[in-house]
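Notes for the one structure printed next.
Remember, predicted model here, so these are calculated numbers, not experimental data.
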Amino acid sequence: MVRFVNSFLFLLFTAGLFIFVPHLQAEMKITLKDGKVIEVPVAESDVQSIEYGAVQNNDPEVFPEKSIRIQSAKYGNISFELEGELGYKQYFCNAKEALLKKCDGKDKCRIIVGSTFCGDPYPGKGKYLYVEYTCGQKMKRAKKSQTEVMLLTCP
């Protein structure tokens, strides 16, 4: 009986050597904000899910150094009418996303100032578009009132 158990354990151990598969490992690439890519080892047990489908391009767009890069954009105005109280109230909406799509990476961008970028934050009152952008290492600012044409340039 002891011999049978020893033979069985030996057979089980030997079969285990052929069936044993080490844990799979992979390298996950992570892109940092500064553009540097690092590789981190990942074990199979750390993978939660894998999605298959259309290949997505996650590489950030590369623009020429001397191109418009929108830093901030807001549309609206300030009210100094607070029913006898001293102070002011701001009526602005964030126009940055719209201007990123329209102007980022170009050397010139023509904008007709109006509520098409982010709505009308101050109905019935005059409004301005304020934009801060960089051209290479140089910070630039632009301001135009509604219905005027703003031209951003990066020579």
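In this structure, CE on M139 lies 5.0 Å from CD on E132, to the nearest 0.5 angstrom.
For the 3.5 Å distance criterion, the side chains of Y91 and S79 fail to qualify, holding no donor opposite an acceptor.
Residue K108 qualifies as open at atom NZ: its count of foreign heavy atoms under 6.0 Å is 12 or below.
Under 4.0 Å is where a charged nitrogen must lie from a carboxylate oxygen, and between R69 and D104 at least one such pair does.
The two residues K143 and Y128 have their closest heavy-atom pair at CE-CD2, 3.5 Å. The heavy-atom pair separating C93 from G119 by the smallest distance is SG-O, 4.0 Å. Of all non-hydrogen atoms in S67 and C154, the two that sit nearest each other are N-SG, 3.5 Å.
Listed for the Q90 side chain is no donor-acceptor partner under 3.5 Å among the backbone atoms of I78. Put simply, the side chain of E97 never gets that close to the backbone of A95: no donor and acceptor are under 3.5 Å apart. A donor-acceptor pair under 3.5 Å links the side-chain atoms of K106 to the main chain of K102, judged by distance alone. Counting only distance, with no hydrogens or angles, the side chain of K96 and the backbone of Q71 share a donor-acceptor pair below 3.5 Å. The backbone N or O of G126 sits less than 3.5 Å from a side-chain atom of N77, completing a donor-acceptor pair.
The hydrophobic cluster around I112 extends to V149, counting ILVMFWY residues whose side-chain heavy atoms fall within less than 4.5 Å of a member. Counting Ile, Leu, Val, Met, Phe, Trp and Tyr side chains that sit under 4.5 Å apart, directly or through other members, V113 shares a hydrophobic cluster with I68, I70, Y75, L99, L100, I111, F117, L129, V131, Y133, M150, L152.
Ring pair F92/Y130 is perpendicular by interplanar angle, where above 60° counts as perpendicular and below 30° as parallel.
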